[in-house]
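Input: a single structure, listed below in structure tokens.
Hydrogens, waters and symmetry mates play no part in the numbers below; they use all other heavy atoms, side chains included.
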Amino acid sequence: MKRPATMPATMKAVVLTGHGGLDKLELREDVPVPQPDAGEVLIRVGASSVNNTDVNTRTGWYSKTVRGDTNSAATDGYGGASDGDGAWSGALSFPRIQGADCCGRIVAVGEGVDGARVGERVLVRPMYRPNGAKPDALVTFGSERDGAFAEYTTVESEHALRIDSALSDIELASFPCAFSTAEGMIQRAALGAERVLITGASGGVGSAAVQLAKRRGAHVTAVTSAAKMEALKELGADIAIDRNDAFPEAAFDVVLDLVGGPRWPALLEALVPKGRYVTSGAIAGPIVELDLRTLYLKDLTLLGSTRQDLGVFADLVRYIEAGEIRPVVAERRQLHELRAAQEAFLKKSHLGKFAIEVAG
């Protein structure tokens with residue numbers, strides 16, 4: 001790659017130096033601008049946003065040694081106990097630039113990539129199988145490779161999808177991680193015009209699932225706090241119930257669960273016979289109790305959802321361009337405010353996403 005004359009040699013980035021507390025996030029202004037390898041593109045990042053996975057990766061919550069909810073050590077981490085397997089795919093390499101969400105413009109391309117791509121506005125696919133890897137291999141942008149909490153980032157060309165939209169970078173950056181996770185769950189469950197229960201509905205993935213389920217004609221029941229019920233109805237929820245209330249029994253064809261925790265058995269009771277349960281999170285705790293009689297006597301299907309077909313993100317870009325879904329941005333912060341944004345995010349008083357503006 002020939003460096004454009006206007007491109008700096010170094011950039012600002014928030015660097016994760018290890019698993020642990022908020023002090024592990026360091027703002028640096030001397031990080032080398034990455035160079036795109038063959039088949040890659042270099043992106044000038046316009047905006048990113050905060051996701052639960054940023055916090056969980058920072059603390060090492062994905063480790064099998066951790067049994068508590070995601071907030072249990074969100075500020076201080078686990079004191080090194082989870083360093084060996086604290087990321088999505090095992091041990092994480094440090095330093096790491098996080099940021100699974102990315103909206104920006106291609107400013108340079110690596111060998112083998114059409115130079116006409118320079119100038120394209122793109123969204124980055126946040127999780128994918130790398131070229132030539134085993135079928136079940138997984139790369140998460142901002143975890144297994146550097147992400148968008150930086151002025152520049154690289155990714156394989158096919159995972160930078162062109163987007164044609166009047167929405168701002170801030171608005172577009174609210175979509176990739178949360179909405180692709182939600183759409184992946186919905187496609188995994190083959191949700192149609194059915195009755196669906198969505199837990200954690202006020203978070204990024206949950207509120208995305210409300211919109212995406214409604215787009216498919218589903219009757220949506222959202223589980224949330226009393227203060228957020230009306231806002232979720234405005235997003236498309238038909239019914240909103242308090243997270244502390246009992247779930248109606250045998251009332252739903254599908255459960256989209258992001259919470260887990262001690263109330264998990266009640267979610268299976270809420271399903272009709274032959275109902276489908278799908279999970280992509282466990283903010284209330286990953287260890288649950290399963291009565292196998294409930295599973296087999298009701299002929300239930302239990303599904304996990306992380307890996308996505310390439311079509312999931314392509315579909316999402318199509319929905320955005322068609323105006324079928326809308327961004328939900330709770331708050332807007334600058335890159336140098338990322339640590340404060342995570343602190344505010346952890347209070348869980350918001351609906352939607354905390355946007356991070358990167359481009360000045």
Check against salt bridge (charged side-chain N to carboxylate O under 4.0 Å, His left out), Arg216 and Glu324: CA-CA 11 Å; Arg216 289 173 173 255; Glu324 296 175 357; over 6 Å; no
Minimal non-hydrogen separation, Pro262 against Ala284, with atom names: CD-O, 4.0 Å
Quick one: pull up CZ in Arg44 and CZ in Arg121 and give me the separation to the nearest 0.5 Å. 14.0 Å
Do Leu25 and Phe94 share a hydrophobic cluster (ILVMFWY, side-chain heavy atoms under 4.5 Å, transitive)? yes
Is a side-chain donor or acceptor of Gln35 paired with a backbone partner of Val33 at a separation under 3.5 angstrom? yes
Tell me if the CZ atom of Arg215 is crowded by more than 12 foreign heavy atoms within 6.0 Å. yes
Single-linkage hydrophobic cluster, 4.5 Å side-chain cutoff, Trp61 and Ile287 together: no
Is there a donor-acceptor contact under 3.5 Å from the side chain of Glu120 to the main chain of Ile106? no
Can any side-chain N or O of Gln308 pair as donor or acceptor with the backbone N or O of Ser180 at less than 3.5 Å? yes
Under a plain distance cut-off of 3.5 Å, with no hydrogens placed, do Asp30 and Thr10 share a side-chain donor-acceptor pair? no
Give the cluster check for Val329 versus Ile320: same hydrophobic cluster or not, with ILVMFWY residues linked at side-chain heavy-atom distances below 4.5 Å. no
Here the gap from Arg318 atom CZ to Ile163 atom CD1, rounded to the nearest 0.5 Å, amounts to 12.0 Å
Are any non-hydrogen side-chain atoms of Arg188 and Val312 less than 4.5 angstrom apart? no
OG1 of Thr70 to OH of Tyr62, rounded to nearest 0.5 Å, is 9.0 Å
Quick one: does any side-chain atom of Asp257 pair with a main-chain N or O of Thr279 as donor and acceptor, under 3.5 Å? no
Side chains of Tyr319 and Gln211: any donor to acceptor distance under 3.5 Å? no
Would you call the rings of Phe345 and Phe354 parallel, tilted or perpendicular, taking 30° and 60° as the class edges? perpendicular
Distance-only polar pair, side chains of Thr154 and Arg145, donor-acceptor under 3.5 Å: yes
Counting C-beta onward and ignoring hydrogens, is there a side-chain heavy-atom pair between Val196 and Asp253 closer than 4.5 Å? no
Any side-chain heavy-atom pair from Thr221 and Phe247 closer than 4.5 angstrom? no
Glu156 vs Asp37, side-chain contact (heavy atoms from CB on, under 4.5 Å): CA-CA, chis, key distance, verdict: CA-CA 8 Å; Glu156 292 94 329; Asp37 291 334; over 6 Å; no
Lys12 atom NZ, neighbour heavy-atom count above 12 within 6.0 Å: no
Distance-minimising heavy-atom pair for Gly261 and Val288: O-CG1, 3.5 Å
Heavy-atom nearest pair, Leu290 first then Leu268, reads CD1-CD1, 3.6 Å
Would Ser165 and Leu172 count as a side-chain contact (heavy atoms from CB on, under 4.5 Å) if you check the C-alpha gap in whole Å, the side-chain angles of each, and the deciding distance to 0.1 Å? CA-CA 8 Å; Ser165 173; Leu172 287 173; 3.9 Å; yes
Walk me through it: do Tyr152 and Val107 pass the test side-chain contact (heavy atoms from CB on, under 4.5 Å)? CA-CA 9 Å; Tyr152 293 90; Val107 294; 4.1 Å; yes
Does any non-hydrogen side-chain atom of Phe175 lie less than 4.5 Å from one of Lys353? no
Identify whether Leu197 and Leu303 are in the same connected component of the hydrophobic contact network (ILVMFWY, side-chain heavy atoms under 4.5 Å). no
In plain terms, say whether Arg263 and Glu269 are close enough for a salt bridge, that is, a side-chain N and a carboxylate O under 4.0 Å apart. no
Any chance you could measure Ile283, atom CD1, to Thr199, atom OG1, to the nearest 0.5 Å? 7.0 Å
Do Met7 and Leu42 make a side-chain contact, defined as non-hydrogen atoms from C-beta onward lying under 4.5 Å apart? yes
Nearest non-hydrogen partners of Ser202 and Leu232, listed with the distance: N-CD1, 4.2 Å
With rounding to the nearest 0.5 angstrom, report the CZ to CG distance, Arg96 to Asp146. 4.5 Å
For the side chain of Lys228 and the backbone of Leu351, is there at least one donor-acceptor N/O pair under 3.5 Å apart? no
Is the shortest side-chain heavy-atom distance between Ile356 and Glu337 below 4.5 Å? no
For Lys274 and Thr301, indicate whether the former's side chain and the latter's backbone hold a donor-acceptor pair under 3.5 Å. no
Exam field: side chain Thr153 to backbone Gly147, donor-acceptor pair closer than 3.5 Å: yes
Which residue is it: Ile186, Asp315, Leu191? I am looking for the one with a side chain to side chain contact (heavy atoms under 4.5 Å, CB included) to Leu212. Ile186
Let me see the working for Leu338 and Gln98 under side-chain contact (heavy atoms from CB on, under 4.5 Å), right down to the final yes or no. CA-CA 11 Å; Leu338 179 61; Gln98 294 185 282; over 6 Å; no
Exam field: side chain Asp114 to backbone Ala116, donor-acceptor pair closer than 3.5 Å: yes
Minimum heavy-atom distance between Asp169 and Cys103, given as atom pair plus value: OD1-SG, 3.4 Å
Membership question, hydrophobic clusters at under 4.5 Å side-chain separation (ILVMFWY): are Val55 and Val14 in the same one? yes
With a 3.5 Å cut-off and no angle check, do the side chains of Gln187 and Asp309 form a donor-acceptor pair? no
Report yes or no: does Trp264 contribute a side-chain atom to a donor-acceptor pair with the main-chain N or O of Val259 at less than 3.5 Å? no
Any donor-acceptor N/O pair, Ser157 side chain to Gly39 backbone, under 3.5 Å: no
Indicate yes or no: at least one non-hydrogen side-chain atom of Leu16 is less than 4.5 angstrom from one of Phe149. no
For Pro126 and Phe313, work out which heavy atoms get closest and say how close. CD-CE1, 3.6 Å
Report the distance from atom SG of Cys102 to atom CZ of Phe141, rounding to the nearest 0.5 Å. 5.0 Å
What I'd like to find out is whether the side chain of Arg307 reaches to under 4.5 Å of the side chain of Arg129, using heavy atoms alone. no
